[in-house]
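Take a look at the structure set out below.
Naming: A, B, ... by sequence-line order, numbering from 1 per chain. As a basis for the values below, the full set of heavy atoms in this structure was taken, side chains included, without hydrogen atoms, waters or symmetry mates.
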Amino acid sequence: MELASKYNPRAVEEKWYSYWLEKRLFHSEPDQREPYTVVIPPPNVTGVLHMGHMLNNTIQDVLVRRARMQGKNACWVPGTDHASIATEAKVVKMLAEKGIDKRSLTRDEFMEHAWQWKEQYGGIILKQLRRLGASCDWERTAFTMDPERYESVIRVFVDLYNKGLIYRGVRMVNWDPQALTAVSDEEVVYKESHSKLFYLRYRVEGEERYIVVATTRPETILGDTAVCVHPDDDRYQWLRGKRVVVPGVGRSVPVIMDEYVDREFGTGALKITPAHDINDYNLGLKYGLESIDIFNDNGTLNGAVGQNPVPAEKEAAQRYAGLDRFACRKQIMKDLEEAGLVEKVEDYTNKVGHSERTDAVIEPKLSAQWFVRMEGLAKRALEVVENDTIHFHPAKFKNTYRHWLENIKDWCISRQLWWGQRIPAWYFMLDGRQETVVAASHDEAARLAAEKFGYTGELRQDEDVLDTWFSSWLWPISLFDGIRHPGNPEISYYYPTADLITAPDIIFFWVARMIMAGEEYMNEVPFRNVYFTGIVRDKLGRKMSKQLGNSPDPIELIEKYGADGVRMGMLLTAPAGNDLPFDEAICEQGRNFSNKLWNALRLVTGWQVDGEAAQSPANATAVKWMEQRMAQVLEEVERDFGQYRLSEALMASYKLAWDDFCSWYLEMVKPAHGEPIDRATYEATLNLFTRLMLMLHPFMPFVTEEIWHTLQCIGKSEAEQKAIMESQSIMTQAMPTASAYDQRLLEEFDTAREVIAAVRNLRGSRGLSPKEQLAVSYMAGDERFRVDRFEGIIRKLGNISSIDATNEKPTGAISFMIGTTECFVPMSQNVDREAELQKLRADLQYAEGFLQSVMKKLSNEKFVNGAPAAVIERERNKQRDAETKIAALKAQIEALQA
RNA sequence: GGGAGUAUAGCUCAGCUGGUUCAGAGCGCCUGCCUUACAAGCAGGAGGUCACUGGUUCGAACCCUGUUACUCCCACCA
C-alpha cells in the first residue's frame, strides 16, 4: 500500500466520524462499569459555532475520550438551550423582515413561527461539533424546551412556590426596552461610556434664587418629585423646608435632606426620580414621594406628569410624548438652554448598564415580577464548594464564587416574552381582590381555586415566561429525567456528573445555580469538578467579536488544518483559566504534528522484515530505552490529567512522539537503505507506535484512528483486515498506564545523546561532512560516563567508527567535555590552534567562575552549619567536578600551546 | 469604591515543599542541509538583572514590605 507523503485530514475525518456513529461508539447505557458523565453547556439553539465553543468542546472531548479508554462508561450528553431573549429577538427580527409585526400575532401564532425557526436553524451548532470530532451521545440530544425538560421546569416552579421559595412582587427591575422584558441583575453588563454631566438650575419657589443639580439623564426631570441634599451640607442649610421648581416642567417639588447624598459629587444636590432609579426609588419610599413613570415599555416618553397636573406642566410633558429617551434628552436640553436653565455641561465618563442579550441601555423600571428567594439555596451552594466537595480548576474562582453567594440578591425569574416556559400561575378576581393559584396545569389550577377559595370561574394564566437559566439550572438532572422521575435508573447511574467544562463568565448564571438545584432536588452536588476555560481572544488580546471581525470561522480552520490540527492548536495555548490569545498559526503546529505521525507510519510500513535475523544489541537497547521513556511520560501525563493540566499533558505526549519516538528511536532502529529489519525490533516498534496512538487519541482522534487501523492491519490476511475494519476502533482500546521504569538506562541515554550532539556540533563548527566517519575516545575512569549499552547507537547516529576508553589523551585531537569526562576526536587535518584555544579559555573562565561561587558557599561557616547535609554534599560534588574539569581544560590548553 | 489575579527568552507559558530539573518548554529567530518517512522536514545554535524596591535567610524566580504596570470580577455614586 502506497501512502501519500502528506496527510490528508479531510477524507479521513469524514470516514471515521461516520464509522464511530454507525458503530454507536458514543452511545452509553447504564451498566456495571464506573460512569463518567459530562453534560454539555448547551449552546444557544440558533447559535453558530465560535472559537469559544471549539475550546470548550475540545476539552470535553479529550476528557471524555480518555475516560472511555480508561474503561469507564463515558456519557457526554449534548443539547441546546432555547435562550429565550436571544432567540425571541431573532424570531421577531426574522418576522419583521417578512413584514410581520409580532404584535399582530397571537401568542400561539408566534410560537408556531418560533418553533419553525428552531426546527430550521436549531442544532446547526451541534452538526458543526461533529466536525470537531466531539464524541457526544447524539441519541441523547436534548433541548431545554422539549417536553421532558419543559415539564420538569414547571414542576420545579410549582414545588418552589409551595415551599415558599418563589414569590411575586413589585420591584425595581432592570428593564430591556428593546426586548420589552425584565432581566436579572446578572444579565446587565455595565459598560464605560462617554456621556455628559448636565448642570440644571432649579428655581426656589417664591424666590429668585436657584439651586444647581447635576444629572446624566436630564430627560428624567419629567419624573422628578424631589431634590435632595445632605443634611450637614452648609451650602444648602438655607434650603431647609423650601420647595423648588423643576426646570422646564414647572412642577413644584420639596427639598429633602438625606445622608445618602455624596456632597463631593457635582453640586452636592441630587434630583429624585423614584420611578427610574433604584436609589431614588428607595428614597421615595423613605420620604413618601410620588413616583411618576415617564416611559413606555419600549423606552419612549409617555407624557405622564403625575397627579394634579397643572395645564402648563401637562403641556410640557406632552411635548415629549412618543419621543425616544435619547431623542428626548437632546430636545429637553435644547429647550432648557433656550430657557436659560442650564448652568453648564461637562464631559463625564460613567458606567451604563446594557442588556446582555440585546445590548439596549437598561432602564430601571418598577414592575411586578416573580422572584426566587436565594438565601437558603446560596448557603448550601457555598458550603459544598468551600468544603471541596466540588473542586474548581483553577481554584481562584472559589473567591469569586464566594463573594457572589455571600452578597446574593433574590433572582428575578420572570421575562415578558413568549418563547420559553410559561409561568404556571393563574389569576382570578374574588371580592374585588386578585388571587393567585400556582399549579402545573390549568385543570389543577382550577381544582386548587375551587378548593382553596371556593372559586369556579375563569382563570387567567400569567403571560410571562421563565428566565432561560431557570431551565438550564436543572440541566444535569433534567437530562436524566430526575425531576419527573426521581430515582430512575438513569439518574441514579449518571448523576452526579464528573466534570463540568465551562467559561468563567457564567459562574453565577449557571454554575452556582446548578449547584443550588442539585442540592435542592438531588441532595447531591451536580458535578465533582468544574474546569473553567479561558476566554478566546485574538492575538492582540482583544475579545473575539463580530464587530471586530477578528473571529475566525472554526469550520474554515478545520478545513485548512484538519480537526486534529485545530484541536491541538486550541489545547496548546489553553492552560485552565487563562485567556488564550489565539493565533491561527498555532493550528499549523497541530497540522504539522499530524503529518509527522503520518510520515512515521509511512516509514514503518515501508520496512522489509527479516524473520531470521537476530536482534542486534543496539536495537534491543533502543527498544528497551523507548519503553522506559514511554513509561516515564505516561507517569507525567497521568499526573497532569489529575490536575487538569491538559496543555502540559499534550505537550509531554507531543515531545514523546516527535522527539523521542521519531527523532531518536526510529533513527536508532531504522535499517540502512535497502536492508530489512529484524522481526523482534519490528514488532516492538509497531507495538510502541500503537501505544503512542492510544496516548494521543483523546487529543487527536482522527489521525490516531487512521494510523491505529493501519497498524492493526499490517501482516494480516485480507479477511482479518476486513474484520478489523468492520469491528474495531481505537476508541474502545485500553489507555496505556504508567509503570515503573529504569532510571539508570534513561540517564545512560542522556550521556549517549550528549556525545552524539557534541560530535554533530563538532562537525558543524569544523565544516566536516556528516558522511565522514570519525573515531571517538574518552578518558577512562568516570563512573557516571557509561556508554557501553548505547555504543552501537552512538556509532550509528553520530557516524562514528569506534568509541573507546583511553588513559592518555591522543595527540592532534580535538576534545570536548561531557560532564567531567574528556572526549577526543582525532583529526586528520590540521587543527585551527587559535580557535581551539579561544574556546578552551572561554570554557575555563566559566568553570573557574563557577568553582568560585561554589567555594564561596562552602567557605561560609553559616552555610556549612545551617544547610542540610544533602545540600552540602551536593556542593562538594560540584566542587570536585569543577576542579576536575578545570584541570582537564588547563591540560588541554597547555598541550595546544606546547 | 471593594475584591481577586498576573508580571520569567521576541511570543505563549512551565517552574510543586526556598537548595542539581534552577534559570526551562513550545513556537519564532539564526546557521548549515532537498541525508530514500516527513522542507508541514533534518542537524546545530543564539536569546533572560525572573517588573522595580527593601527585607527575612547560610541560601530567594519562589517567603514578607512597599512601588509600578496590566487583567478580571463585584458595587446604586447622580
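The residues A:E219 and A:R325 are annotated as not salt-bridged, no charged nitrogen and carboxylate oxygen being separated by less than 4.0 angstrom. Salt bridge present: A:R217 and A:E363 bring a charged side-chain N and a carboxylate O closer than 4.0 Å. Between A:D224 and A:K271 a salt bridge is recorded (basic side-chain N to carboxylate O distance below 4.0 Å).
What separates CD1 of A:I586 from C1' of B:C13 is a distance of 10 Å, to the nearest Å. Between A:E636 atom CD and B:G26 atom P the separation is 13 Å, expressed in whole Å. The CZ-C1' distance, from A:F509 to B:C73, rounds to 13 Å in whole Å. Atoms CG (A:D659) and C1' (B:A25) sit 10 Å apart, rounded to a whole Å. In this structure, the CD1 atom of A:I272 is 12 Å from the C1' atom of B:C77, given to the nearest Å. In this structure, A:Y561 atom OH and B:A40 atom P are separated by 13 Å, rounded to whole Å. Distance, A:I507 CD1 to B:C74 P: 10 Å, rounded to whole Å. Across the protein-nucleic acid pair, A:R602 atom CZ and B:G41 atom P stand 14 Å apart, rounded to whole Å.
Within the nucleic acid shown, A:E648 comes within 4.0 Å of sugar-phosphate atoms alone, with no base atom in reach, counting heavy atoms only. Counting any heavy atom pair closer than 4.0 Å across all strands shown, A:A585 reaches no nucleic acid atom. No engagement by A:K771 is indicated, since no non-hydrogen atom pair under 4.0 Å with the nucleic acid exists. Heavy atoms of A:W658 sit under 4.0 angstrom from primed sugar atoms or phosphate atoms, though from no base atom. Here A:D262 lies in heavy-atom contact (under 4.0 Å) with a base. In this structure, A:R591 reaches the bases: a heavy-atom distance under 4.0 Å links it to at least one base atom across the strands shown. Backbone-only contact: A:N860 has heavy atoms under 4.0 Å from sugar-phosphate atoms and none from a base. Using a 4.0 Å heavy-atom cutoff across all strands shown, A:S663 reaches sugar-phosphate atoms only and no base atom. Within 4.0 Å of A:R645, counting heavy atoms only, lie sugar-phosphate atoms of the nucleic acid but no base atom. Using a 4.0 Å heavy-atom criterion, one finds that A:K271 contacts no nucleic acid atom at all. Counting non-hydrogen atoms under 4.0 angstrom, A:K398 reaches nothing in the nucleic acid. Nucleic acid contact for A:Y348: sugar-phosphate only, since backbone atoms but no base atoms lie under 4.0 Å from a heavy atom of the residue. Among the heavy atoms of the strands, none lies under 4.0 Å from A:K857. A:P364 comes within 4.0 angstrom of no nucleic acid atom, judged by non-hydrogen atoms across all strands.
The aromatic rings of A:Y665 and A:F661 sit parallel to each other, their planes meeting at less than 30°, with 60° as the upper class boundary. Ring-plane geometry between A:F392 and A:Y401 is classed as perpendicular, the angle between the planes exceeding 60 degrees on a 0 to 90 degree scale with a lower cut at 30. The aromatic rings of A:F265 and A:Y348 sit perpendicular to each other, their planes meeting at more than 60°, with 30° as the lower class boundary.
For A:Y7, no side-chain nitrogen or oxygen approaches OP1 or OP2 of B:G41 to under 4.0 Å. Residue A:K655 has no polar side-chain atom (N or O) positioned under 4.0 Å from OP1 or OP2 of B:C27. Within the structure, a side-chain polar atom (N or O) of A:N592 is placed less than 4.0 Å from OP1 or OP2 of B:G41. Residue A:K596 places at least one side-chain N or O under 4.0 Å from the OP1 or OP2 atom of B:C42. Neither OP1 nor OP2 of B:C73 sits under 4.0 Å from any side-chain N or O of A:N399. Close to B:G59, at under 4.0 Å from its OP1 or OP2, lies no side-chain N or O of A:K862. Between A:R874 and B:G19 there is no side-chain N or O to OP1 or OP2 distance below 4.0 Å.
Which of B:C74, B:G5, B:G26 sits closest to the side chain of A:K396 comes down to B:G5. Looking at the side chain of A:L603, the nearest of the listed nucleotides B:A78, B:C73, B:A37 is B:A37. Across B:A78, B:A37, B:G44, the shortest atom-to-atom separation from the side chain of A:L666 is found for B:A37. In the set B:A78, B:A37, B:G44, B:G44 carries the atom at the smallest distance from any side-chain atom of A:A757. With B:C38, B:C58, B:C27 as the choices, the nucleotide that has an atom nearest any side-chain atom of A:Y654 turns out to be B:C27. Nearest to the side-chain atoms of A:L270 among the listed nucleotides B:G19, B:A39, B:A78 stands B:A78.
With both pairing distances under 3.5 Å, B:G5 is matched to B:C70 as a Watson-Crick or G-U wobble pair. With both pairing distances under 3.5 Å, B:A60 is matched to nothing as a Watson-Crick or G-U wobble pair. Nucleotide B:U31 is matched to B:A43 when pairs are restricted to Watson-Crick or G-U wobble geometry with both distances under 3.5 angstrom.
Under the 90° criterion around 0 for the glycosidic angle, B:G47 counts as syn. In this entry the base of B:U21 is syn relative to its sugar, with a glycosidic angle within 90° of 0.
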Given the rule in the side chain to side chain contact (heavy atoms under 4.5 Å, CB included) test, do A:I221 and A:Y202 qualify, once you have shown the distances and angles that lead to the verdict? CA-CA 11 Å; A:I221 60 171; A:Y202 286 59; 3.4 Å; yes
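Residue ring and nucleobase are stacked for A:H673 and B:U36, with a centre distance beneath 5.5 angstrom and an angle between planes beneath 30°.
Side-chain atoms of A:Y260 and base atoms of B:C76 include a donor and an acceptor less than 3.5 Å apart.
A distance of about 23 Å separates the C1' atoms of B:C13 and B:U17, rounded to the whole Å.
Between the side chains of A:E754 and A:T751, no donor-acceptor pair of N or O atoms lies under 3.5 Å.
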